[in-house]
Amino acid sequence: MKYISTRGQAPELTFEEAMLTGLARDGGLYVPAEIPTLSRDEIAALSGLSYEETAFRVMKPFLGDCFTDEEFRGIIERAYAGFNHAARAPLKQLAPNHFLLELFHGPTLAFKDFAMQLIGQLFQVALQRRNDRVTIAGATSGDTGSAAMEAFRGLSNVDVFILYPHGRVSEVQRRQMTTPADQNVHALALEGDFDDCQARVKDMFNDFEFRDGVKLAGVNSINIARVLAQVVYYFSSAVSLGAPEREVSFTVPTGNFGDIFAGYVAKQMGLPIKDLVVATNQNDILHRCLEGQGYHKGDTVPSISPSMDIQVSSNFERALYFAYDKDTSAVAQLMDELKSGGFEVSQGAMQALSETYKSGRASEEETLATIKSELAASGELLCPHGAVAVKVAAEQRAADVPMITLATAHPAKFPAAVEKASGQYPDLPDRMADLYEREERLSRIDNDLAAIEDHIRKNIA
Ligand SMILES: Cc1ncc(COP(=O)(O)O)c(C=O)c1O
Ligand SMILES: N[C@@H](CCOP(=O)(O)O)C(=O)O
C-alpha cells in the first residue's frame with residue numbers, strides 16, 4: 001500500500017511514513033495510490049462486531065505491513081478504552097429514517113477523538129520503534145487542538161504546539177487547550193482566524209530548514225491517517241442499519257472537508273452510500289462551489305458553529321484530486337490559483353463532484369431554530385454544528401433511504417449558543433466539571449511565521 005501526493009511531486013510513502021510526514025514536500029496531501037475495497041460479504045460480516053473489531057477490519061488494508069496485527073489490535077484497544085459509551089459511536093433515531101450518529105463520547109467531546117486517540121497510539125509505537133522524537137504543529141478552530149493535546153500530552157517523544165484563533169473559539173474549547181498541565185503541550189493564541197492558523201502550519205511544513213530541524217509532524221487532517229481513522233464510523237453506522245443490503249446516506253457538518261472525505265473513502269471501499277451531503281454554516285464557500293459557482297475565498301464571518309468557520313478547506317484538495325481523475329498537475333495549478341483568491345472548477349470535475357456530493361447551508365437563525373425544534377421533536381439537544389447538519393439533512397433526505405446525520409460535538413462545548421436556542425444549559429460531564437477552575441497557560445502570538453517558528457524552537461524539550 002503506497003501513498004502519493006495530490007500534487008504529484010513528492011516521494012511515494014508507506015502508511016507509517018505518510019503518517020509521520022504530514023504535508024507532502026510538494027505542498028500536497030497524501031492519498032492512497034489505490035483505495036482498497038471490502039467485498040459485500042466482508043461488509044456484511046461487520047454486523048454485530050465491536051467498534052474496535054470494525055476499526056481493525058476497515059483500517060487494516062490501508063496499513064500494509066507497517067504494524068503487525070497484534071500491534072494494531074493493541075493500539076485500537078488503547079485508543080477507544082477512554083470513551084464514555086460502550087458503542088463508541090451510538091446511533092439515535094430522530095425521526096422515521098433519520099438517525100443521529102453521536103460522535104462526542106470521547107475524552108474531549110468531539111468527533112476528533114476517534115482519529116486523534118488512534119494516531120496518538122500509532123505515533124507512540126512508531127516513534128518508540130524508531131527511537132525518534134517529533135514536533136507536532138497543528139491548527140485548530142477549536143476541536144482538533146484539544147483532541148490532539150489530550151492524545152499526546154505527557155508523551156516523552158512528542159512536543160505539541162497548537163495555533164488557535166484568538167477570541168474565535170468557545171470558552172470550553174479554549175480551556176480544554178490551555179489547562180493541561182503537561183509541559184509537552186502548548187496553546188498558541190494567534191492574532192487571526194483559523195485560515196491564518198492553518199496557513200502558518202502549512203508554511204512551517206514548506207520551510208524545509210525549520211521542518212527538518214525540529215522534525216515537524218502534523219495531526220490535522222493534512223495527515224491521511226486522521227482521515228482513514230474516520231472511515232470506520234461510516235461502516236459501523238451503515239452496517240447497523242442494514243448495509244450492505246440497504247443503502248444509506250450521510251449528512252456531515254463540514255469545514256476542512258476531512259470528515260466528509262472519509263465518507264467518500266468509505267463509499268469507494270464498497271460501502272453502499274447513496275448521498276454524501278456537505279452541510280455548511282454561513283461560511284458556505286463549499287456549498288457555493290458544489291452549486292457550480294467556483295471556489296472563491298471571502299472573509300470568514302464568526303458564527304455560533306465556530307469549528308466550521310473556514311474559507312480554505314484543506315481536504316477539498318483531496319476531493320479535487322479524485323474529481324480531476326488523479327490529474328496532479330491540474331490540482332497543483334488550482335492550488336496555485338487559490339493563493340490569489342480562488343479558482344473555477346472544470347466542467348468534467350464539476351460533474352464528478354456533483355455525482356459524489358450534495359450540499360446545503362444553514363444560517364445562524366436556522367441553526368438556532370433547529371436546536372430548539374429538534375429538542376421539542378426528539379428530545380435530542382444538538383450542538384450548533386450538529387444542528388447545521390440536521391437542518392440540511394431534513395432538506396436533502398429521501399423518504400425511503402435512511403439518512404445518518406453526524407453529531408460532531410457535545411452541546412456542552414457551546415453552552416451559550418445552545419442555551420440561547422433552547423433555554424437549556426448543557427452541563428459538562430462530571431469528569432470535566434472543574435474545567436472553569438483550572439489554571440490556564442497560553443502564549444499570545446502574532447500571525448507571523450518567523451515569530452511562531454522562533455517560539456517553537458525555544459520551547460521544544
Ligand atoms: C464540531 C465540528 N463539527 C464539524 C467540523 C468540520 O469537520 P471537517 O473539518 O472534517 O469538515 C469540525 C471541525 O473540523 C468540528 O470541530
Ligand atoms: N474544525 C477543525 C479545523 C481543523 O480541522 P482538521 O480536521 O484539519 O484538523 C478544528 O476543530 O480544529
Side-chain angles (χ1 to χ4, degrees), residues 27 29 139-144 163-170 173 190-203 220-222 251-261 277-320 323-324 330-347 349-350 353-354 357-368 384-385 387-389 391-392 395 408 414 417 446-449:
L29 300 174
T140 189
S141 51
D143 291 321
T144 291
L163 298 173
Y164 72 89
H166 177 62
R168 290 182 181 231
V169 300
S170 80
Q173 289 176 317
L190 184 121
E191 296 301 331
D193 58 22
F194 169 76
D195 292 305
D196 295 318
C197 297
Q198 181 156 259
R200 296 299 77 76
V201 168
K202 290 194 175 177
D203 289 347
N220 278 104
S221 53
I222 287 170
T251 301
V252 185
T254 298
N256 232 5
F257 218 84
D259 213 3
I260 188 95
F261 183 75
V277 183
V278 171
T280 72
N281 66 19
Q282 61 190 4
N283 294 295
D284 60 354
I285 185 166
L286 288 165
H287 171 53
R288 284 184 280 115
C289 180
L290 292 170
E291 289 217 307
Q293 299 176 40
Y295 195 97
H296 299 284
K297 285 189 277 184
D299 289 334
T300 306
V301 185
S303 78
I304 54 169
S305 44
S307 305
M308 307 199 301
D309 291 347
I310 295 176
Q311 294 290 323
V312 181
S313 180
S314 182
N315 287 280
F316 198 52
E317 176 166 349
R318 288 188 170 113
L320 290 168
Y324 276 84
V331 175
Q333 161 84 27
L334 295 179
M335 293 303 119
D336 224 33
E337 288 173 34
L338 184 58
K339 286 184 200 145
S340 25
F343 54 82
E344 296 298 328
V345 180
S346 73
Q347 217 180 343
M350 202 55 236
L353 285 174
S354 21
Y357 306 102
K358 291 186 164 183
S359 68
R361 85 186 290 271
S363 68
E364 296 290 269
E365 295 70 31
E366 289 164 334
T367 306
L368 289 167
H385 306 76
V388 165
K391 185 262 175 186
V392 172
E395 292 163 355
T408 45
F414 310 94
D446 288 337
N447 179 16
D448 175 69
L449 181 64

- Any donor-acceptor N or O pair under 3.5 Å, side chains Asp195, Thr300: yes
- Message: Tell me the closest heavy-atom pair linking Val388 and Ser305, and the distance in Å.
- Response: CG2-OG, 4.0 Å
- Query: Heavy atoms, side chains only, cut-off 4.5 Å: are Gln198 and Asn256 in contact?
  - Reply: yes
- All side-chain hydrogen bond (donor to acceptor under 3.5 Å, both in side chains) counterparts of Glu364, not counting sequence neighbours: none
- Message: According to side-chain hydrogen bond (donor to acceptor under 3.5 Å, both in side chains), who are the partners of Asp336, at least two apart in sequence or on a separate chain?
- Response: Lys339
- Message: Among residues at least two apart in sequence or on other chains, which ones pass side-chain hydrogen bond (donor to acceptor under 3.5 Å, both in side chains) with Thr140?
- Response: none
- Is Pro306 close to Ser141 at the side-chain level, that is, under 4.5 Å between some pair of heavy atoms? no
- Message: Just so I know, are the side chains of Thr280 and Met308 near enough to count as touching, which here means a heavy-atom distance under 4.5 Å?
- Response: no
- Query: Looking only at heavy atoms, which two atoms of Ser314 and Lys202 are closest? And how far apart?
  - Reply: OG-NZ, 3.0 Å
- Query: Taking atom CD of Glu344 and atom CD of Gln293, what is their separation to the nearest 0.5 Å?
  - Reply: 9.5 Å
- If you look at every heavy atom in Gln282 and Ser303, which pair is closest and at what distance? NE2-CB, 3.6 Å
- By salt bridge (charged side-chain N to carboxylate O under 4.0 Å, His left out), Asp446 pairs with (sequence neighbours left out) none
- Query: Of all residues at least two apart in sequence or in a different chain, which pass the salt bridge (charged side-chain N to carboxylate O under 4.0 Å, His left out) check with Asp143?
  - Reply: Lys413
- Message: Suppose we screen for side-chain hydrogen bond (donor to acceptor under 3.5 Å, both in side chains). Which residues come up paired with Asp284, at least two apart in sequence or across chains?
- Response: Arg288, Arg361
- Those residues at least two apart in sequence (or on a different chain) that pass salt bridge (charged side-chain N to carboxylate O under 4.0 Å, His left out) with Glu191 are Arg444
- Message: Please enumerate all residues that pass ring-ring contact (aromatic ring centres under 6.0 Å, His included) together with Phe414, with sequence neighbours excluded.
- Response: His385
- Quick one: ring-ring contact (aromatic ring centres under 6.0 Å, His included) partners of Phe257, sequence neighbours excluded? Phe316, Tyr357
- Query: Hey, are the side chains of Leu290 and Leu353 touching, using non-hydrogen atoms and a 4.5 Å cut-off?
  - Reply: yes
- Message: Does Ser313 form a side chain to side chain contact (heavy atoms under 4.5 Å, CB included) with Ile285? I'd like the steps, not just the answer.
- Response: CA-CA 9 Å; Ser313 180; Ile285 185 166; 5.6 Å; no
- Note on the structure: Residues at least two apart in sequence or cross-chain that pass side-chain contact (heavy atoms from CB on, under 4.5 Å) with Asn447, listed by chain then number, are Leu190, Asp196, Arg200
- May I have all residue pairs that pass salt bridge (charged side-chain N to carboxylate O under 4.0 Å, His left out) and include part of residues 302-320, sequence neighbours excluded? Arg7-Glu317
- Query: Do Lys297 side-chain atoms and Leu338 backbone N/O form a donor-acceptor pair below 3.5 Å?
  - Reply: yes
- Task: Please round to the nearest 0.5 Å and tell me the distance separating atom CG of Leu320 and atom CG of Asn315.
- Result: 11.0 Å
- Message: How close do Ala330 and Tyr324 get, counting heavy atoms only, and between which atoms?
- Response: CB-CD2, 3.8 Å
- Task: Could I get the full list of salt bridge (charged side-chain N to carboxylate O under 4.0 Å, His left out) partners for Glu291, not counting sequence neighbours?
- Result: none
- Task: With the side chain counted from C-beta on, respond yes when Leu163 and Phe194 share a heavy-atom pair under 4.5 Å apart, and no when they do not.
- Result: no
- Task: Return the minimal non-hydrogen interatomic distance between Ile222 and Leu29, and the atom names on each side.
- Result: CA-CD2, 3.9 Å
- Message: Would you compute the distance between atom OG1 of Thr254 and atom CD1 of Ile260 and round it to the nearest 0.5 angstrom?
- Response: 4.5 Å
- Query: What heavy-atom pair brings Met350 and Val345 nearest, and what distance separates the two atoms?
  - Reply: N-CG1, 3.7 Å
- Item | Candidate pair Thr367 and Asn281, rule side chain to side chain contact (heavy atoms under 4.5 Å, CB included), full reasoning | CA-CA 8 Å; Thr367 306; Asn281 66 19; 5.6 Å; no
